[in-house]
Amino acid sequence: MDNLSNIRELLESRLAADPAKNFLISEADAREWTYSEFNAAVNSVANLLLSNSIGKGDVVSLLLPNSAEYVIAYFACFKIGAIAGPINSLLKPAEIVWALGNSESKLLLASTQLAEDAGLLADRTTPTILFDDVSTATLDHGTELAATNVAPDDEAIIIYTSGTTGKPKGCLLTHGNLIANSRQITEWLGFGESDRLLTIMPLFHMNAVTVTTMTPLYSGGSTVVSPKFSASRFWDIVEKYKITSFGSVATMLSMLLSKSRESRVERIESPVLSTLDSRAATLKFAMCGSAPVPAEVLKNLE
């Protein structure tokens, strides 16, 4: 995996290595894509973008819920050298409109609901494509994609800071940045082809983009994308999809502990695994960022 110039090369190298292996799973509706199927879907969306006059260096804004469509849209941008511009779906309508203008967005891919909530269907200042279902959006677009010339130093994503001390600032990350991050995380944490990561962090944040989407691609593993974190359903998802790791923040871990106490799920010191132990049998570790985990939470979770 050395000497990769761009994310397209990374994806297509994984496609060549194991085309029939599952890469992307949608927890919301059980849809699945092998590396081959994922690549074909990405190419179709890339052709959709090209047909709307999107080219290298153009910003394509993404206003979508956590979904397979979000992941596919990211990689469609990456493949043609466009810059993916994820927008925080929790922003107020005026803030979303500001981000579209500030990033000089040429096109918006949005879910119908989020576009309606932001008033973007009435205000078409930025050309908008409703992107609720990838198979519907790409009916007239083929899966063969023309060659592109994308270098490691070409921008891949513009992601905005939280704006706690002023207006949010658009930070540009390159293809080389994302590949390097994925390689580092893979090597530091020992991820491999047998790993399956769970994406429950929002895909408008770099944690979900890099840690649980790009990293499993780099390591040859797979990812499950869930619409949102649910403490009551979490262990069912881990068990069903044989999750080996997930990204989180400290609050999520506290919520898992609280829900476990409510359910009276306790670890027992015996050769017989408790209900929780067996459901989490594949889980190796949790990744947690954003803020320190309180010592008591860490101890109890372990």
Side-chain angles (χ1 to χ4, degrees), residues 1-19 23-24 33-62 64 68-87 100 102-109 126-127 129 131 134 137-138 140-160 170-186 203-204 206 209-210 213-220 223:
M1 304 300 292
D2 294 331
N3 302 318
L4 292 166
S5 294
N6 55 61
I7 296 169
R8 176 173 181 163
E9 289 183 7
L10 171 59
L11 172 54
E12 293 179 357
S13 67
R14 284 302 175 198
L15 167 67
D18 198 352
F23 169 63
L24 176 64
W33 287 261
T34 63
Y35 275 101
S36 177
E37 292 164 343
F38 178 72
N39 185 69
V42 167
N43 285 356
S44 292
V45 178
N47 285 325
L48 170 66
L49 298 179
L50 291 171
S51 71
N52 281 270
S53 301
I54 297 299
K56 182 178 177 181
D58 289 334
V59 174
V60 177
S61 294
L62 308 176
L64 299 163
E69 276 70 21
Y70 212 145
V71 177
I72 292 168
Y74 266 122
F75 281 86
C77 294
F78 299 155
K79 273 221 174 186
I80 63 172
I83 302 172
I87 296 179
L100 289 170
N102 184 263
S103 65
E104 300 180 355
S105 177
K106 296 290 182 66
L107 182 69
L108 170 66
L109 295 184
T126 303
I129 295 176
F131 197 63
V134 63
T138 58
D140 301 323
H141 300 276
T143 60
E144 296 297 322
L145 185 65
T148 52
N149 181 24
V150 180
D153 289 339
D154 286 332
E155 287 87 5
I157 189 169
I158 179 170
I159 193 153
Y160 279 83
C171 300
L172 288 164
L173 295 172
T174 68
H175 283 252
N177 291 151
L178 297 185
I179 292 171
N181 283 170
S182 304
R183 180 178 65 251
Q184 292 159 348
I185 295 168
T186 295
L203 277 161
F204 56 71
M206 281 310 297
V209 176
T210 304
T213 301
M214 284 292 299
T215 296
L217 176 66
Y218 187 92
S219 64
T223 185

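What you see below is based on every heavy atom in this structure, not just the backbone, and it leaves out hydrogens, waters and symmetry mates.
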Within the 4.5 Å heavy-atom criterion, are Leu178 and Met206 side-chain neighbours or not? yes
Point-to-point distance, once rounded to the nearest 0.5 Å, from CD of Glu155 to SG of Cys171: 12.0 Å
Counting distance only, does the side-chain N/O of His175 pair as donor-acceptor with the main-chain N or O of Ala156 below 3.5 Å? no
Quick one: does any side-chain atom of Tyr160 pair with a main-chain N or O of Ser103 as donor and acceptor, under 3.5 Å? yes
Is it true that atom CD of Gln184 has more than 12 heavy atoms of other residues, nucleotides or ligands lying nearer than 6.0 Å? yes
Does Val150 offer a backbone N or O that forms a donor-acceptor pair with the side chain of Asn6 under 3.5 Å? yes
Give the minimum heavy-atom separation between Ala46 and Ile80, together with the two atoms involved. CB-CG2, 3.8 Å
State the CG-CD distance between Asn43 and Glu144, to the nearest 0.5 angstrom. 7.0 Å
Just verifying a value: how many Å separate Ile72 CD1 and Phe131 CZ, rounded to the nearest 0.5 Å? 6.5 Å
Apply the test side chain to side chain contact (heavy atoms under 4.5 Å, CB included) to residues Val71 and Trp33: give CA-CA distance (whole Å), side-chain angles for both, the deciding distance (0.1 Å), then the verdict. CA-CA 11 Å; Val71 177; Trp33 287 261; over 6 Å; no
For Val134 and Val45 the tightest heavy-atom approach is CG2-CG2, 3.6 Å
Exam field: side chain Tyr74 to backbone Thr213, donor-acceptor pair closer than 3.5 Å: no
Any chance you could lay out the side chain to side chain contact (heavy atoms under 4.5 Å, CB included) test for Leu10 and Met214, step after step, and finish with the verdict? CA-CA 10 Å; Leu10 171 59; Met214 284 292 299; 3.8 Å; yes
Side chain to side chain contact (heavy atoms under 4.5 Å, CB included) evaluation trace for Leu203 with Leu64: CA-CA 9 Å; Leu203 277 161; Leu64 299 163; over 6 Å; no
Does any donor atom in the side chain of Ser44 or Asn47 lie under 3.5 Å from an acceptor atom in the other side chain? no
Determine whether Arg8 and Thr148 make a side-chain contact, defined as any pair of heavy atoms from C-beta on separated by less than 4.5 Å. yes
Taking the side chain as every heavy atom from C-beta outward, state whether Ile179 and Glu9 have any atom pair closer than 4.5 Å. no
Is there a donor-acceptor pair closer than 3.5 Å between any side-chain N or O of Thr34 and the backbone N or O of Glu37? yes
Are Asn39 and Leu11 packed together at the side-chain level, in the sense that at least one heavy-atom pair is separated by less than 4.5 angstrom? yes
What residues form a ring pair (Phe, Tyr, Trp, His ring centres under 6.0 Å) with Phe38, not counting sequence neighbours? Phe23, Phe75
Has Asn52 got a side-chain atom pairing as donor or acceptor with Leu48's backbone, closer than 3.5 angstrom? yes
Please check: side-chain N/O of Asn177 versus main-chain N/O of Thr174, any donor-acceptor pairing under 3.5 Å? yes
From Ser13 OG over to Leu217 CG, what is the distance, rounded to the nearest 0.5 angstrom? 7.0 Å
Sorted by chain and number, sequence neighbours left out, side chain to side chain contact (heavy atoms under 4.5 Å, CB included) with Pro19 holds for Leu15, Ser36
Pairwise side-chain contact, Leu49 with Leu109, heavy-atom cut-off 4.5 Å (strictly under): yes
Considering all heavy atoms of both residues, which atom of Ile83 and which atom of Ile158 are nearest to each other, and what is their separation? CG2-N, 3.6 Å
Check whether any side-chain heavy atom of Glu104 sits under 4.5 Å from a side-chain heavy atom of Val59, and report yes or no. no
Does any non-hydrogen side-chain atom of Thr210 lie less than 4.5 Å from one of Leu173? no
Going from CG on Leu108 to CG on Leu100, what distance comes out if it is rounded to the nearest 0.5 angstrom? 5.5 Å
Test log, rule side chain to side chain contact (heavy atoms under 4.5 Å, CB included), inputs Tyr70 and Phe204: CA-CA 9 Å; Tyr70 212 145; Phe204 56 71; 3.5 Å; yes
Separation of Leu62 CG from Ser105 OG (nearest 0.5 Å): 8.5 Å
Quick test of your reading: applying salt bridge (charged side-chain N to carboxylate O under 4.0 Å, His left out), list the pairs with at least one residue in residues 52-62, sequence neighbours left out, ordered by first then second residue. Lys56-Asp154, Asp58-Lys106
